[in-house]
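Have a look at the structure below before the remarks.
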Amino acid sequence: MTPRWAGLTAPFRWLIDAVDVGRHQPAVIISAILFTVAVGFLPSLPIQLMTLAGSPPGMAVQLLFQAIGLGVSLAISPVLVAGVYRLLDGAEQGRPVAVAQIGDGFRDGSWGAIVLVTVLGYVLMFAILFTMMMTMAAVAGLETLQALQAWLEQVMALQAKAQESGVPMQPDALPKPPDGLGGVVLVLLAFLPLWSLVALGLGWALVSVAMRGTSPVAAILGGLRAAALNALPLFVFAAALLLPGLLVAGLFGLVVAAVVALASLLGPLVGGVVAMAMVLAFTVVFSAISYGFTLNGWRAACDDGVGPDASSDRPEIAGFEA
């Protein structure tokens with residue numbers, strides 16, 4: 001793993017190529033990504049269906065499914081994501097690939113390293129979260145954080161009630177936010193660039209473990225260093241896409257709200273199921289682009305071409321062919 005500067009406009013090239021992520025063997029690639037996303041959704045599905053059916057589970061059941069979800073996110077999903085990266089790379093090199101290959105990490109001995117790099121990444125993100133919370137407490141005060149927690153609980157309770165009744169929650173029904181919320185938001189915005197860089201660096205670390213067999217600690221250090229070296233291009237990229245991203249998110253929210261409102265005429269359960277299906281579809285598309293972006297960035301900023309899956313005929317980055 002050789003962290004390096006990729007160029008000021010490199011992230012835009014990564015995105016262009018990522019949008020075309022399914023140009024090679026698209027049926028296999030999209031099916032693999034759909035399966036990976038669905039596995040991540042499964043632990044929360046029973047709770048959502050029980051809530052939509054008007055029988056929200058108790059706290060013990062919720063904690064059980066949350067524990068199952070954490071286990072899936074640590075021990076299963078990372079292996080499937082690593083398999084998706086391998087599928088993308090193999091398809092781009094012209095090798096025949098199959099959906100079942102996303103589970104190769106369970107069979108080839110790489111499961112331990114993939115899980116370890118994921119666990120270390122969680123620990124690092126938790127440390128950043130703890131630092132951010134301490135900073136918020138210092139800036140806004142502990143009382144403000146406690147008031148914010150109570151306010152969020154009230155908002156979530158109102159949302160759950162609106163979901164059960166099938167009647168959208170009105171903006172004027174929201175409780176008044178606590179004083180000092182501005183300071184909390186400023187701290188959150190200040191930490192957002194760090195969150196983004198670390199998340200991308202950890203994504204590159206997972207790719208290195210999956211594609212080159214890099215040790216987890218070395219992969220994380222290399223991924224974080226590569227993200228830091230390319231911080232300026234990434235921030236320019238994020239700034240350029242901020243407004244278009246907000247517009248797309250807002251448009252998607254309006255479309256979902258309109259479709260769910262129509263489906264809810266047939267019943268709250270139908271509206272809830274339609275909403276989940278639309279969110280799943282959006283997540284699949286977003287995940288496909290994210291995987292392609294991460295893989296292309298790793299090739300440009302990290303990969304040294306040395307490892308068990310290295311290839312001298314690796315395709316060039318960029319080029320929209322779809």
Legend entry - Exercise: identify the closest heavy-atom pair between Ala6 and Asn230: N-OD1, 2.8 Å
Inset, instruction - Check Leu88 against Gly292 and note the closest heavy-atom contact, atom names and distance. - result: CD1-N, 4.3 Å
Legend entry - Flag, side chain of Ser31 to backbone of Val28, donor-acceptor distance under 3.5 Å: no
Inset, instruction - Answer yes or no: is there a donor N or O on one side and an acceptor on the other, between the side chain of Gln101 and the main chain of Ala98, under 3.5 Å? - result: yes
Inset, instruction - Report, as yes or no, whether the 6.0 Å neighbourhood of atom CZ on Phe191 holds more than 12 heavy atoms from other residues, nucleotides or ligands. - result: yes
Inset, instruction - Answer yes or no: is there a donor N or O on one side and an acceptor on the other, between the side chain of Arg4 and the main chain of Asp303, under 3.5 Å? - result: yes
Legend entry - Check: Phe286 ring centroid to Phe293 ring centroid under 6.0 Å: no
Legend entry - Any donor-acceptor N/O pair, Trp204 side chain to Thr294 backbone, under 3.5 Å: yes
Inset, instruction - Mark yes or no for whether Arg86, through its side chain, and Met211, through its backbone, hold a donor-acceptor pair below 3.5 Å. - result: no
Legend entry - Donor-acceptor under 3.5 Å (Arg95 side chain, Leu87 main chain): no
Legend entry - Partner of Leu224 under side chain to side chain contact (heavy atoms under 4.5 Å, CB included), chosen from Leu124, Leu200, Leu197: Leu124
Legend entry - Closest heavy-atom pair and its distance - Gly40, Pro43: O-CD, 3.5 Å
Legend entry - Polar side-chain atom of Asp89 near backbone of Tyr85 as donor-acceptor pair, under 3.5 Å: no
